[in-house]
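Just so you know, residue 1 is the first one in the sequence shown, and it goes up from there.
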Amino acid sequence: MQTLLLDCATWDLAVDAAGNIAVASAPYAVAQNVACAVRVFLGECWYNTALGLPYLTNILGRAQSVALFRADVEQTAQSVDGVARATCVLTAISPQRRLSGVIELTLEDGSQTVVSL
């Protein structure tokens, strides 16, 4: 599996040493695709409106259980090609209401990786 490589700092396209648009291969490509899937609002991707989390309807400005949020993240992560299993581990919420945690991924080839929230 390959995907366009995104710069970690800007989440924008990156270029390779030859000046071409850079691509990422598995397992990094799968992890990047999971990170994109959980950051996008449900329905926002015009090429796949089923991708994303229901931020507007169920998350932002709504009282929601931690278990339900975790389940939404895990379901979205598992919908990404190459992911066999996903576990969302929430670690903290800051006074500014910034949620942090990780998504532990087991890929279809048996390898494991982690995506930060």
Atom pair CZ (Arg39) and CG (Leu117), whose distance is rounded to the nearest 0.5 Å:
8.5 Å

Applying a strict under-4.5 Å side-chain criterion to I, L, V, M, F, W and Y, I'd like to know whether Val38 and Phe69 cluster together.
yes

Nearest heavy-atom pair of Leu107 and Pro27: which atoms, and what distance?
CD1-CB, 3.4 Å

Under a side-chain separation threshold of 4.5 Å, the hydrophobic residues clustered together with Leu5 are Tyr28

Please tell me whether Leu4 and Trp11 are part of a single hydrophobic cluster in this structure, the criterion being side-chain heavy atoms less than 4.5 Å apart.
yes

Rounded to the nearest 0.5 Å, what separation is found between the CD1 atom of Ile21 and the CG atom of Asp16?
9.5 Å

Working to the nearest 0.5 angstrom, can you tell me the gap between Leu13 CG and Asp7 CG?
10.0 Å

Say whether, by atom type as modelled, one donor and one acceptor occur between the side chain of Ser25 and the main chain of Gln2 under 3.5 angstrom.
no

For Leu51 and Ser79 the tightest heavy-atom approach is CD1-OG, 4.5 Å

Hydrophobic clusters here meaning ILVMFWY residues chained together by side-chain heavy-atom distances under 4.5 Å, can you tell me if Ile59 and Leu56 are in one?
yes

Heavy-atom closest pair, residues Tyr55 and Val40
CE1-O, 3.5 Å

To the closest 0.5 Å, what do you measure between OG1 (Thr106) and CD (Gln78)?
9.5 Å

For Asn58, check side-chain hydrogen bond (donor to acceptor under 3.5 Å, both in side chains) against everything at least two apart and list the hits.
none

Drop me the distance from Arg70's CZ to Leu90's CG, to the nearest 0.5 angstrom.
5.5 Å

Starting from Val114, can I reach Val73 by hopping between I/L/V/M/F/W/Y residues whose side chains sit under 4.5 Å apart?
no

To the nearest 0.5 Å, what is the distance between CD1 (Ile103) and OG (Ser116)?
9.0 Å

Is there a chain of hydrophobic side chains (I, L, V, M, F, W, Y, each step under 4.5 Å between heavy atoms) that links Leu99 to Val34?
yes

Shortest non-hydrogen separation from Asp72 to Pro54 and the atoms involved:
OD2-CG, 3.9 Å

With a 4.5 Å limit on heavy-atom distance, are the side chains of Leu60 and Phe41 in contact?
yes

Side chain proximity check, Ile93 to Arg98, heavy atoms < 4.5 angstrom
no

Considering all heavy atoms, the nearest Thr3-Gln32 contact
CG2-NE2, 3.5 Å

If you take all heavy atoms of Ala31 and Leu105, which pair is closest and at what distance?
CA-CD1, 4.2 Å

